[in-house]
Amino acid sequence: MMNALLTEGQALSGRRRGILDYVTEHGVVPVADLLKRFSLSRASINRDLLVLCAQGLVRRIGTDITTLPNVSAAASVMYRRAQAVAEKQAIATLAASMVSQGDTVALDDSTTAGAMADRLSKIAQLTVVTNSLGLVSRLGPCETVGLIGLGGRYSPTFDAFVGRICEQGVLSMRINMAFVSAAAISGGAAYHQVEDILQAKRALMDVADCRILLADSRKFDTSAMNRLALLSEFDVVITDDGIDPACAGLLRDAGISLRIARVPRPASGLTAD
């Protein structure tokens with residue numbers, strides 16, 4: 001039963017996303033309020049909440065529902081997809097411009113790498129290697145892309161495959177470029193909160209000729225438990241123009257090849273009467 005719910009919950013329905021957003025906004029919400037707001041039967045709301053709880057997005061305490069301000073909730077692919085969307089799109093555009101026809105590229109489970117999918121689908125004779133189930137689903141129907149999906153143990157929180165099978169799956173490959181992301185950047189190194197996910201990223205990096213780190217500006221000067229790599233281990237670090245100029249200067253002074261994506265923003269100014 002639980003496995004079925006996890007499978008169903010890999011991509012939240014619009015209703016469940018609405019429930020998650022509402023609970024996130026209010027912090028603690030009685031189940032009775034959710035019944036009234038979303039016009040659901042008790043059986044339907046219980047099923048939706050069971051899926052959200054199984055993915056580590058909310059917690060049920062008696063008759064109340066609360067979000068989980070912890071590693072699991074922050075790591076969830078559903079949570080991450082809603083964060084820094086414009087910045088990730090800008091980073092993805094710049095990253096995709098580095099890819100050429102005939103390349104073999106690796107994309108990790110990150111939502112930033114995932115934002116590259118539509119752009120890469122327009123490049124002919126491209127081979128994509130990934131452990132992300134979401135990317136497999138999106139790129140699978142694309143006739144211009146040769147797709148290699150890495151197996152392993154499935155993580156519903158990350159919608160990705162991890163573990164020894166995943167890591168060993170890339171050992172015999174030769175990859176031109178690996179695009180990976182991190183949860184935090186601090187003190188000249190990139191970090192991630194979950195070791196299994198970190199090891200999958202590291203395996204992709206180890207067989208790549210060129211390593212590119214994708215990190216939006218929110219991630220700088222933040223912390224996570226496990227070190228992925230020194231920034232000097234990446235050939236290029238791509239972020240967005242929200243990065244502190246002083247931080248960008250320090251990175252470049254340290255020899256880091258930093259590229260900054262410009263984020264389109266609405267034009268400001270007075271409107272005519």
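Nothing fancy with the numbering, it's 1 onward along the sequence. Just the heavy atoms: all of them, side chains too, but no hydrogens, waters or symmetry mates, feed the values below.
You'll find the side chain of D159 reaches within 4.5 Å of the side chain of Y154, heavy atoms only. R153 has its side chain out of reach of I165: every pair of non-hydrogen atoms, C-beta onward, lies at least 4.5 Å apart. Taking 4.5 Å as the limit, every side-chain heavy atom of L34 sits out of range of all side-chain heavy atoms of L40.
The heavy-atom pair separating K201 from S110 by the smallest distance is NZ-CB, 4.3 Å. Between A183 and Q193, the shortest heavy-atom distance links the atoms CB-OE1, 2.9 Å. Between Y191 and S186, the shortest heavy-atom distance links the atoms CE1-O, 3.5 Å. Of all non-hydrogen atoms in E167 and L171, the two that sit nearest each other are O-CG, 3.8 Å. The heavy-atom pair separating M177 from M98 by the smallest distance is CE-O, 3.3 Å.
Checked against salt bridge (Lys or Arg N to Asp or Glu O under 4.0 Å), D221 has no partners two or more places apart in sequence or in another chain. With sequence neighbours left out, D118 forms a salt bridge (Lys or Arg N to Asp or Glu O under 4.0 Å) with R138. Every residue was checked against the side-chain contact (heavy atoms from CB on, under 4.5 Å) condition with T63, not counting sequence neighbours, and none meets it. Remark: R227 engages no residue in a salt bridge (Lys or Arg N to Asp or Glu O under 4.0 Å) (not counting sequence neighbours).
Shown here is R164, whose CZ atom has no more than 12 heavy atoms of other residues, nucleotides or ligands within 6.0 Å. Shown here is E233, whose CD atom has more than 12 heavy atoms of other residues, nucleotides or ligands within 6.0 Å. By the 6.0 Å contact criterion, CG on L230 is enclosed, its count of non-hydrogen atoms from other residues, nucleotides or ligands being greater than 12.
A donor-acceptor pair is defined here as one N or O able to donate and one able to accept, closer than 3.5 Å; such a pair exists between the side chain of D108 and the backbone of S181. Judged by distance alone, the side chain of D196 and the main-chain N or O of G163 form no donor-acceptor pair under 3.5 Å. Without hydrogens or angle criteria, N176 side chain to T104 main chain gives a donor-acceptor distance under 3.5 Å. Under the 3.5 Å distance criterion, the side-chain polar atoms of D103 are matched with a main-chain donor or acceptor of S100.
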Show which side-chain atoms of residues 141-152 pair as donor or acceptor with protein atoms under 3.5 Å away, not counting sequence neighbours.
from : atom 1 : to   : atom 2 : distance (Å)
T144 : OG1    : S121 : O      : 2.6

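A salt bridge between D206 and R211 is present, with a side-chain N of the basic residue lying under 4.0 Å from a carboxylate O of the acidic one. With salt bridges taken as basic N to acidic carboxylate O contacts below 4.0 Å, none links D216 and K88.
A distance of 10.0 Å separates CD in E87 from OG1 in T112, rounded to the nearest 0.5 Å. Summarising the geometry, atom CG belonging to L133 is positioned 14.5 Å from atom CZ belonging to F158; distances are rounded to the nearest 0.5 Å. Taken to the nearest 0.5 Å, the CG atom of L107 stands 5.5 Å off from the CG atom of L135.
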Hey, mind stepping through L214 and M116 against side-chain contact (heavy atoms from CB on, under 4.5 Å) and telling me if it holds?
CA-CA 11 Å; L214 312 176; M116 296 173 63; 4.0 Å; yes

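Ring geometry, F38 versus Y22: the interplanar angle exceeds 60°, so the pair is classed perpendicular (tilted spans 30 to 60°).
Other members of the hydrophobic cluster containing F234, listed by chain and number, are V180, I185, L198, M205, L213, F220, L228, L231, V237, I243, L251, I256, L258, I260; membership follows side-chain contacts under 4.5 Å among ILVMFWY residues, whether direct or relayed.
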